[in-house]
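Have a look at the structure below before the remarks.
All values reported here derive from a predicted model rather than from experimental measurement. Residues take their numbers from the sequence shown, with the count starting at 1.
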Amino acid sequence: MALSLAISPCPNDTFVFHALVHGQVPGAPPVEVTYADVDVTNTAAERGAFDLVKVSYAALPWLLDDYHLLPCGGALGRGCGPLVLTRPDGAGNGHAGDGDGDGPTSADLTGATVAVPGDRTTAYLLFRLWSAGRPPARIEVVPFHEIMPGVAAGRYDAGLVIHEARFTYPRHGLTALVDLGEWWEADTGLPIPLGAILARRGAVDPEAAAGWIRESVRRAWADPAASRDYVLAHAQEMEPDVVDRHIGLYVNEFTADLGEAGFAAVEALLGRAADAGLVPQTSSSRATAWTS
C-alpha cells in the first residue's frame, strides 16, 4: 500500500525526496505525494492526514502524541534563519504606507502591522521570542508569496519571510530589519530548527522511514542532476541560481542526521517557547527521541 507524503514544493524538499517519490529507494513502498506550504501541512498533521509529513518544529507540541519525529529529512542549519523585512523609507510604525520615515526598528515594532506566513511556523515562534516585551500591534497571517509584495506596497509595516526570500528580497526594494537566525545563533550557539519530518504512529515504522529518507538524501547528493527537472518544475518560478543557493543552504549535514546539536536545538526552541507560555510543555524525551 502506498504511503501518503506531504512536503512543500520548495527546492530543498523536492531535492531531498526526489528518489523516494520516484520509487528509486530500494525496499521503500510507493509514495503518494501532496505539495503544500508548511502552514497547511501543520494543520493537516493535526488531523493525521498523512503518513509522512513535513511540519514546522514549532508545531511539534501539538503533534507528538500522534507522530514520531524523524532524525533526518528536515530543514535545520546555520545562516538560514527567517528575516524581518521592512521598506527602506521607514514607512510604518503602525501606519503602513504613510511614508513618514518613523518606521519600526529592531527595538520597537509595537505600533506595526506584521505579516507572517503561519501562526505555528518556526519563523513566527522565533519572531515571538525575539519580540517578547515589545510585540507588534497587529499580526496578519498571509500566504508566503504575498508577504514581500504586501510590505513593498505598504499594506504591512513589516513581513516575516523564509527560504528563498533570503536571496530575493532586495528585488522588492526591501531591507532586512533583523535576521532571526543570527539572533538565535548568537543567543544559543545552536542551529535553527525550521522544518521537521514526522512519521504517523501506527502507520509507518519510524526506523524504516528514516532509512528510506537517508537513502533518498544520499542519492540526491550523489547525482544532483537527476532531480533537476523535478525540482525546477515545483520551484514556483525561482531562477535556477536561486534554486541552487536554496538547496545549498537548506540541505546540509543536519538533513542526513540531526545529531546532538540538532536535537539540542529542538529542545532549546521548544523549552524556551514553553517557558514563555507560547506552546504547550513537551517533555524533552518525547521531543527528541524519535523512537519513543
Side-chain angles (χ1 to χ4, degrees), residues 8 10-12 37-39 56-58 74-93 96 103-110 112-132 134-136 138-188 190-195 235-239 241-252 265 269 273:
S8 81
C10 292
N12 58 307
D37 288 342
V38 72
D39 193 44
S56 301
Y57 272 106
L76 189 147
R78 298 183 185 275
C80 60
L83 304 178
V84 180
L85 303 179
T86 60
R87 296 186 306 287
D89 62 9
N93 215 20
T105 70
S106 59
D108 184 11
L109 282 172
T110 53
T113 296
V114 181
V116 305
D119 59 358
R120 288 190 181 172
T121 59
T122 305
Y124 183 43
L125 185 57
L126 287 169
F127 177 83
R128 293 174 78 189
L129 290 169
W130 169 76
S131 63
R134 54 183 195 283
R138 288 168 295 281
I139 293 292
E140 293 192 26
V141 176
V142 176
F144 175 70
H145 68 277
E146 297 179 11
I147 292 178
M148 289 191 291
V151 176
R155 289 191 294 275
Y156 316 107
D157 300 305
L160 180 63
V161 300
I162 53 175
H163 293 327
E164 69 275 5
R166 290 188 64 88
F167 314 121
T168 61
Y169 72 85
R171 302 177 189 175
H172 295 266
L174 302 177
T175 60
L177 183 69
V178 62
D179 183 324
L180 293 176
E182 288 183 0
W183 167 78
W184 171 261
E185 291 181 59
D187 199 48
T188 67
L190 295 168
I192 310 109
L194 296 170
Q236 299 180 336
E237 301 181 357
M238 282 188 227
E239 299 91 336
D241 67 309
V242 174
V243 168
D244 291 340
R245 294 168 70 190
H246 184 115
I247 292 170
L249 184 60
Y250 292 101
V251 184
N252 52 49
L269 176 69

* For residues Phe144 and Val161, determine if any side-chain heavy atom of one lies less than 4.5 Å from a side-chain heavy atom of the other. => yes
* Asked: Tell me, do Val38 and Ser8 make a side-chain contact under 4.5 Å, heavy atoms counted?
  -> no
* Structure fact -> The reported gap from OG1 in Thr122 to CG in Leu180 (rounded to nearest 0.5 angstrom) is 11.5 Å
* To do: Identify the heavy atoms of Arg87 and Tyr156 that sit nearest to each other, and give their distance.
  => NH1-O, 3.1 Å
* Answer whether the closest heavy-atom distance between the side chains of Ile147 and Pro117 falls below 4.5 Å. => yes
* Asked: Would you say the side chain of His172 lies within less than 4.5 Å of the side chain of Leu85, judging by non-hydrogen atoms?
  -> no
* To do: Give, for atom CD of Glu239 and atom CZ of Arg245, the distance between the pair rounded to the nearest 0.5 Å.
  => 10.0 Å
* **Approximate separation, where rounding is to 0.5 Å, of Thr121 OG1 and Leu194 CG** => 9.5 Å
* To do: Would you indicate whether the side-chain heavy atoms of Pro193 and Trp184 approach each other to under 4.5 Å?
  => yes
* **For the student: nearest non-hydrogen atoms of Leu125 and Ala58, plus distance** => CD2-CB, 3.6 Å
* Asked: Just how far is it from atom CZ of Arg155 to atom CD of Glu140, taken to the nearest 0.5 Å?
  -> 10.0 Å
* How about Leu109 and Trp130: do any of their side-chain heavy atoms sit closer than 4.5 Å? -> yes
* Asked: Is Arg171 reaching over with its side chain to a backbone N or O of Phe167, donor-acceptor style, under 3.5 angstrom?
  -> no
* **Among Leu160, Leu126, Asp179, the one residue meeting side-chain contact (heavy atoms from CB on, under 4.5 Å) with Val84** => Leu160
* Asked: Can you tell if the side chain of Val114 reaches within under 4.5 Å of the side chain of Asp157, non-hydrogen atoms only?
  -> no
* Asked: Under the side-chain contact (heavy atoms from CB on, under 4.5 Å) criterion, do Leu177 and Leu83 qualify, and how do the steps go?
  -> CA-CA 7 Å; Leu177 183 69; Leu83 304 178; over 6 Å; no
* Given the rule in the side-chain contact (heavy atoms from CB on, under 4.5 Å) test, do Leu269 and Leu129 qualify, once you have shown the distances and angles that lead to the verdict? -> CA-CA 9 Å; Leu269 176 69; Leu129 290 169; 4.2 Å; yes
* Among Val242, Val251, Asp244, Ile247, find the one that has a side-chain contact (heavy atoms from CB on, under 4.5 Å) with Pro11. => Ile247
* Structure fact -> All heavy atoms of Phe127 vs all of Ile139, minimum pair found to be CE2-CD1, 4.1 Å
* Structure fact -> Looking only at heavy atoms, the pair that brings Tyr250 and Ile162 closest together is OH-C, 4.5 Å
* Asked: Nearest heavy-atom pair of Asn12 and Ala75: which atoms, and what distance?
  -> ND2-CB, 4.0 Å
* **Side chain proximity check, Glu185 to Leu190, heavy atoms < 4.5 angstrom** => no
* Which atoms form the tightest heavy-atom contact between Arg166 and Cys80, and what is the distance? -> NH1-C, 3.9 Å
